[in-house]
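Structure first, commentary second.
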Amino acid sequence: MKTLVLSMISIAATVAAMTACTSESDPIDNIDNGQPVEIKLNAGVITTKSAITSNAAGELDNDLAYVHFYRIDKTTPNWTTDNSTSFTGTIKKNKDIEFAEKQYYPANGDNTTVAGLFVGETTTTPPALTAGVADVTITGAEDIICATPIDLGNRKNPSTTPLGFKHLLTQFKFIVKIDKVTITNEISNIAIKVKDASTKAKVTLSDGTIGTWSAKDVITGPTGLTASADGQPSTASGGIMLEPGLSSITLAITGTGLPTEGLETTINGSETSNTFEQGKAYEITLKFKAQEVSGTASVAQWETGKPAEGDVI
């Protein structure tokens with residue numbers, strides 16, 4: 001077959017803005033009658049594998065289970081030195097949070113401060129904290145979200161401030177196209193992998209940052225893709241989640257109709273920031289032609305970013 005060269009001309013990215021919403025709760029009598037006072041909580045907006053998706057109002061498309069919460073009962077908590085307790089809950093589609101076990105304010109009148117962390121549907125037990133930091137591992141399927149600590153008040157003066165979750169990773173989706181004028185054979189069963197991707201990191205709950213990345217490995221992206229004819233409708237693949245702030249990613253592409261050894265290319269980050277930014281979704285279109293495969297991009301559902309041109313291999 002003819003030699004195929006991969007040229008990434010441009011990519012574009014968008015990100016859904018995170019907004020905070022509140023929902024009214026039932027009024028609570030401010031008179032302390034000695035009865036336990038249940039903690040009520042709801043999520044802010046989670047806008048967006050399994051990327052977490054929501055509508056324009058910030059309501060989830062599906063309930064989100066195994067969200068982990070950490071609490072410190074103290075008027076002035078220190079998340080680096082104070083011990084916290086953990087529990088699990090579900091964020092409902094309407095953003096209400098349903099705890100696996102009911103939570104109550106401390107009887108001594110101390111304030112309760114709560115933070116939230118979601119690290120994937122398969123992590124059913126809250127990750128342990130060391131000095132307020134959680135170790136996380138990604139495979140490309142996890143949309144890690146974090147809510148920094150909020151003060152929920154105390155049993156006499158409970159607060160209804162919602163937890164505001166934000167995405168900590170960068171999302172990538174792929175579209176594959178073929179120029180039927182120059183290539184007549186089908187290109188199908190396409191698999192995309194990301195080489196030298198970090199898989200382990202640390203999340204600091206106090207400020208919602210993720211860093212100290214390590215454990216380089218290959219992360220498997222979408223598989224079983226078929227290149228559609230240029231000019232025909234196409235659908236983006238499911239998203240994969242990677243370390244944010246990268247200046248580039250290296251893709252290894254294999255498939256029926258491609259060279260046996262596959263193709264490899266490096267995709268550069270935004271021209272404005274020189275990186276693939278946290279909380280943004282980048283939709284990459286690969287277009288196969290005789291003697292070259294070019295990449296273009298369209299705007300995904302999140303905030304627009306201007307990308308750099310990719311390299312030719």
[X], [Y]: one ILVMFWY side-chain cluster at the under-4.5 Å cut-off?
{"X": "W213", "Y": "I219", "answer": "yes"}
{"X": "V203", "Y": "L129", "answer": "yes"}
{"X": "I187", "Y": "V176", "answer": "yes"}
{"X": "V194", "Y": "I144", "answer": "yes"}
{"X": "I210", "Y": "I138", "answer": "yes"}

(message) Applying side-chain contact (heavy atoms from CB on, under 4.5 Å) to Y104 and R155, what does each step give before you reach the verdict?
(response) CA-CA 8 Å; Y104 297 93; R155 59 180 290 114; over 6 Å; no
(request) Pick out which of T160, N157, L163, V114 makes a side chain to side chain contact (heavy atoms under 4.5 Å, CB included) with L152. (result) V114
(message) Taking side chain to side chain contact (heavy atoms under 4.5 Å, CB included) as the criterion, tell me which of N154, V37, N111, D73 meets it with P106.
(response)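 The option that passes is D73.
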Any non-hydrogen side-chain atom of [X] less than 4.5 Å from a side-chain atom of [Y]?
{"X": "Q103", "Y": "E38", "value": "no"}
{"X": "L205", "Y": "Y70", "value": "yes"}
{"X": "T90", "Y": "I97", "value": "no"}
{"X": "T265", "Y": "T250", "value": "no"}
{"X": "I91", "Y": "F165", "value": "yes"}
{"X": "V119", "Y": "E142", "value": "no"}
{"X": "H68", "Y": "S86", "value": "no"}
{"X": "D96", "Y": "E98", "value": "no"}

(request) Using a cut-off of 6.0 Å, state whether more than 12 heavy atoms not belonging to N108 lie near its atom CG. (result)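 Atom CG in N108 is crowded, with more than 12 foreign heavy atoms closer than 6.0 Å.
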(request) Answer yes or no: are there more than 12 heavy-atom neighbours, outside E101 itself, under 6.0 Å from its atom CD? (result) no
With [X] via salt bridge (charged side-chain N to carboxylate O under 4.0 Å, His left out) - residues at least two apart:
{"X": "D82", "value": "K74"}
{"X": "K200", "value": "none"}
{"X": "K202", "value": "D135"}
{"X": "K92", "value": "D63"}

Do you know the tightest heavy-atom contact between [X] and [Y]?
{"X": "Y105", "Y": "G153", "result": "CE2-O, 3.3 Å"}
{"X": "S84", "Y": "W79", "result": "CB-CZ3, 4.3 Å"}
{"X": "I190", "Y": "A227", "result": "CD1-N, 3.9 Å"}
{"X": "N189", "Y": "G224", "result": "OD1-CA, 3.9 Å"}
{"X": "A229", "Y": "K177", "result": "O-NZ, 3.2 Å"}
{"X": "G208", "Y": "T148", "result": "N-CG2, 3.4 Å"}

(message) Is it true that S159 and T161 share a donor-acceptor pair across their side chains at a distance under 3.5 Å?
(response) yes
Set of residues satisfying side chain to side chain contact (heavy atoms under 4.5 Å, CB included) with respect to [X], sequence neighbours excluded:
{"X": "A191", "result": "T223, T254"}
{"X": "A131", "result": "T80"}
{"X": "E186", "result": "S188, T226"}
{"X": "S248", "result": "T266, N268"}

(request) Using the side-chain contact (heavy atoms from CB on, under 4.5 Å) rule, take I150 and T113 through it: C-alpha gap first, then chi angles, then the decisive distance, then the call. (result) CA-CA 5 Å; I150 61 168; T113 302; 5.9 Å; no
Measuring from [X]:[atom1] to [Y]:[atom2], what's the distance to the nearest 0.5 Å?
{"X": "N83", "Y": "I72", "atom1": "CG", "atom2": "CD1", "answer": "8.0 Å"}
{"X": "L64", "Y": "K95", "atom1": "CG", "atom2": "NZ", "answer": "14.0 Å"}
{"X": "T170", "Y": "K280", "atom1": "OG1", "atom2": "NZ", "answer": "9.5 Å"}

(request) If a pair satisfies salt bridge (Lys or Arg N to Asp or Glu O under 4.0 Å) and one of its residues is in residues 103-118, list it, with sequence neighbours excluded. (result) none
(message) Tell me which pairs pass salt bridge (Lys or Arg N to Asp or Glu O under 4.0 Å) where either residue lies in residues 203-221, with sequence neighbours left out.
(response) none
(request) Would you check if the side chain of E283 reaches a backbone N or O of K173 as a donor-acceptor pair within less than 3.5 Å? (result) no
(message) Show every ring-ring contact (aromatic ring centres under 6.0 Å, His included) that has at least one partner inside residues 82-103, sequence neighbours left out.
(response)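 Non-adjacent pairs meeting ring-ring contact (aromatic ring centres under 6.0 Å, His included): F69-F87, F69-F99, F87-F99.
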(message) Tell me if the centroids of the rings in F118 and Y66 come within less than 6.0 Å of each other.
(response) no
(message) One pair to check against side-chain contact (heavy atoms from CB on, under 4.5 Å): L286 and I175. What are the steps and the verdict?
(response) CA-CA 6 Å; L286 305 176; I175 293 174; over 6 Å; no
(request) For the pair R71 and I39, evaluate side-chain contact (heavy atoms from CB on, under 4.5 Å) and give the outcome as yes or no after the intermediate values. (result) CA-CA 11 Å; R71 65 180 286 184; I39 293 174; 3.7 Å; yes
Per-pair distances, 0.1 Å, donor-acceptor, side chain in residues 237-246, under 3.5 Å, sequence neighbours excluded:
from	atom 1	to	atom 2	distance (Å)
S237	OG	F174	N	3.0
S237	OG	F174	O	3.4
E243	OE1	S198	OG	3.1

